[in-house]
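Shown next, in structure tokens, is the structure this report addresses.
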Amino acid sequence: MHRRIIAPSALAAASLLLAVPASAATFAPGAPGIGDPYYPQYGNGGYDVSHYDLRLQYQPRTDELQGTATILAKTTQDLSSFDLDFLLDVSEVRVNGAKAAFTTSGEHELVVTPKTPLAKGTQVTVVVRYSGVPSTKSAYGFSTWHRTPDGAIAADEPEAAWWWFPSNDHPSDKATYDVSVAVPDGTQAISNGTLQSTSSKLGWTRYNWRQDKPQATYLATLALGRFDITTSTSEGGVPVINAYSKDLGANDGAARASVERTGELVDWLSGYFGPYPFSSAGGYVPNTTTGYALETQTRVYYSPKQFAAGSNASVVVHELAHQWYGDDVSLKGWKDIWINEGFARYAQWLWSEHEGEGTTRELADYVYASHPADDPFWTVAPGDPGADAQFDLAVYDRGALAVQALREEIGDDAFFALLKGWPKKHAYGNASVADFQKYAEQVSGKPLAALFDTWLFQPSKPDARDAGAASLAPSAAVKAAQPKSWKKIEATNDVHAH
């Protein structure tokens, strides 16, 4: 037997370790990513945010933004440090009132080291003071801050927050918001939720917006510029706030003729999806060169290009459907994008049927027949399309085919109960495709694994004899007639092409 000799210095170190509480050894940095395989560096580990309070000042002439973000959160592990997703220049960070050390890391990480480590389960207040010119910042070779002739907008997916506020930027960490923005008199600031108040002082007007329901970071929006703002209330009692840039040019009339139907369409969608889940609805159309639309919560972003060919209520239906499918119930991970896009596209099909321009069955037959078996369209799996194909056309159209196949399989009674029940069951939370399948089986009383696998996961065209496909066109050789609504639906194919 060999006796181990321990030097006096080692003994001293060992006794020192014994004097430290056992829990201290567990303090560690929070992960720089929340764990989403599509976007490994998005979001952060170690804490959960409950509220963002953003107090901002913006100068349209120079694109300068100054801000103080107060973030309320709770730790989910013992933290020695944690990350925020952010790009602007930080001057000070405080954690629970005490100044904290901070540095940057990677493409978009702000690393914060509090003066005292944070135990798991601790309520934390983080204050970040910052400034910068958002249009000069980029990460991974792109920017989601879009300048306009009279200001700027922040609206993009799957990321947009980094350019205007520090956050835990992943849909699985939803929070409420207060957004207060000072802009020069004559400029307006528009955000999510309801306008609580405005005040003017020394040439500046401050707009105070509140989103009192949980909201994913990518659904937070900011529009700064000169707008014509309209307000109304839907027949169902939902307040509607819309805004249009004062220099939309030839697209102005078509944009208004579409977006001003928001109240009517919210009420109509409520008949399928249940009560509208938020305190207000609406949209805004800035003078931007982008081509997409985005379901920013309660205040949908529309590009003027969406209306270049004339009015299109179908795109408004698509984005408003997201208020239930995507905003109220958000995806757990970005691979669950079908729950957002498949159902928003299917809402357009329902609207087509309502307008007498093609039934959902006719649209399904047309889509099915329009793509031969060797079309790459069928190689994209809407149930897990991969980051590169997250907004591929197949996620929309094959995704809507999957919804129609489900409807045919379980029958209208169960299907429409499912449409209303899903937003209620997971209200203001997050859910996955697997969760949806489980719920659909509970509602219908039928096993649906084969149908979901066929329509959402197999990289091939479903055969007429496969589960759920028998209801659609019997073979690729059948050429279904193009429904009257198709051109308007097709015009929305690039709503997320950004």
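FYI, the numbering just counts along the sequence from 1. Because the structure is a prediction, the values reported are computed rather than measured.
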- [ ] Scan residues 378-395 for pairs that pass side-chain hydrogen bond (donor to acceptor under 3.5 Å, both in side chains), counting only residues two or more places apart or in two chains.
- [x] Tyr38-Asp384, Tyr39-Gln390
- [ ] Could you list all the salt bridge (Lys or Arg N to Asp or Glu O under 4.0 Å) pairs where at least one residue sits in residues 430-442, not counting sequence neighbours?
- [x] Lys332-Asp435
- [ ] Could you tell me whether the side chains of Thr205 and Ser200 share a donor-acceptor contact shorter than 3.5 Å?
- [x] yes
Open item on the list: Do His318 and Glu341 pair up side chain to side chain, a donor and an acceptor below 3.5 Å, judged on atom types alone?
Closed with: yes
TODO: Count the heavy atoms of every other residue, nucleotide or ligand shown that sit under 6.0 Å from NZ of Lys74, and state whether that count exceeds 12.
DONE: no
Open item on the list: In this structure, is the centre-to-centre distance between the rings of Phe436 and Trp338 below 6.0 Å?
Closed with: yes
Task: By salt bridge (Lys or Arg N to Asp or Glu O under 4.0 Å) - contacts of Glu92 (at least two apart) - done: Arg94, Lys99, Arg129
Open item on the list: Pairing donors with acceptors under 3.5 angstrom, does anything connect the side chains of Tyr58 and Asp63?
Closed with: yes
Task: Under 3.5 Å: donor-acceptor pair, side chain of Ser303, backbone of Ala293 - done: no
Task: Between Arg299 and Ser191: side-chain donor-acceptor atoms closer than 3.5 Å - done: no
- [ ] Tell me, with the steps shown, if Trp334 and Phe391 meet ring-ring contact (aromatic ring centres under 6.0 Å, His included).
- [x] CA-CA 11 Å; Trp334 282 110; Phe391 301 112; 7.0 Å; no
- [ ] Supply the atom-to-atom distance Glu157 CD to Ile337 CD1, rounded to the nearest 0.5 angstrom.
- [x] 5.0 Å
Task: Donor-acceptor contact present, side-chain Thr75 to main-chain Ala119, <3.5 Å - done: yes
Task: Pair Tyr42, Glu159: side-chain N/O donor-acceptor within cut-off below 3.5 Å - done: yes
Task: Between Tyr130 and Phe165, ring centroids under 6.0 Å - done: no
TODO: Would you check if there is a donor-acceptor pair between the side chains of Tyr292 and Asp156 at a distance under 3.5 Å?
DONE: yes
TODO: Give a yes or no on whether the backbone of Thr70 and the side-chain of Asp53 come within a donor-acceptor separation of less than 3.5 Å.
DONE: no
- [ ] Report the distance from atom NZ of Lys446 to atom CD of Glu409, rounding to the nearest 0.5 Å.
- [x] 5.0 Å
Task: Ser197-Asn208 side chain donor-acceptor pair, cut-off 3.5 Å - done: yes
Open item on the list: Nearest 0.5 angstrom please: Tyr396 OH to Phe343 CZ, how far?
Closed with: 15.0 Å
Task: Trp324 and Tyr276 aromatic ring geometry - parallel, tilted or perpendicular at 30°/60° bounds - done: perpendicular
Task: Arg210 atom CZ, over 12 foreign heavy atoms within 6.0 Å - done: no
TODO: Decide yes or no for Pro134 and Trp164: does some side-chain heavy atom of the first lie under 4.5 Å from some side-chain heavy atom of the second?
DONE: no
TODO: Please round to the nearest 0.5 Å and tell me the distance separating atom NZ of Lys174 and atom OG1 of Thr217.
DONE: 11.0 Å
Open item on the list: Taking Ala381's backbone N and O only, do any of them form a donor-acceptor pair with Arg398's side chain (distance below 3.5 Å, no angle check)?
Closed with: no
Open item on the list: Between Glu319 and Glu295 (side chain of the first, backbone of the second, donor and acceptor by atom type, cut-off under 3.5 Å), is there such a pair?
Closed with: yes
- [ ] For the pair Ser280 (side chain) and Pro239 (backbone), establish whether a donor and an acceptor sit closer than 3.5 Å, ignoring hydrogens and angles.
- [x] no
TODO: Examine the side chains of Asp453 and Gln458 and answer whether a donor and an acceptor come within less than 3.5 Å of each other.
DONE: yes
Task: Short side-chain to backbone donor-acceptor contact, Ser180 and Arg55, under 3.5 Å - done: no
Task: Interatomic spacing from OH in Tyr218 to OG1 in Thr296 - rounded to 0.5 Å - done: 10.0 Å
I'd like a table of donor-acceptor pairs (distance under 3.5 Å, sequence neighbours excluded) in which one partner is a side-chain atom from residues 79-89, with atom names and distances.
{"residue": "Ser80", "atom": "OG", "partner": "Ala28", "partner atom": "O", "Å": "3.4"}
{"residue": "Asp85", "atom": "OD1", "partner": "His108", "partner atom": "NE2", "Å": "3.0"}
{"residue": "Asp85", "atom": "OD2", "partner": "Gly43", "partner atom": "N", "Å": "3.2"}
{"residue": "Asp85", "atom": "OD2", "partner": "Asn44", "partner atom": "ND2", "Å": "3.1"}
{"residue": "Asp85", "atom": "OD2", "partner": "Asp169", "partner atom": "N", "Å": "2.9"}
{"residue": "Asp89", "atom": "OD1", "partner": "Lys137", "partner atom": "NZ", "Å": "3.1"}

Task: ring-ring contact (aromatic ring centres under 6.0 Å, His included), paired with Tyr346, selected from Tyr325, Phe415, Tyr272 - done: Phe415
Open item on the list: Let me confirm one number: the CG-CD distance from Leu224 to Gln188, rounded to the nearest 0.5 Å.
Closed with: 10.5 Å
- [ ] Using the side-chain hydrogen bond (donor to acceptor under 3.5 Å, both in side chains) rule, collect all pairs that involve residues 111-121, keeping only residues at least two apart or in two chains.
- [x] none
TODO: Answer yes or no on whether Lys213 is positioned over the face of Tyr428, meaning its NZ or CZ is under 6.0 Å from the six-membered ring centre and within 45° of the axis.
DONE: yes
TODO: For Thr62, enumerate each residue passing the side-chain contact (heavy atoms from CB on, under 4.5 Å) test, keeping only those at least two apart in sequence or located in another chain.
DONE: Gln59, Glu64
Open item on the list: Between Thr221 and Tyr284, is there a side-chain donor-acceptor contact under 3.5 Å, judged purely by atom types and distance?
Closed with: yes
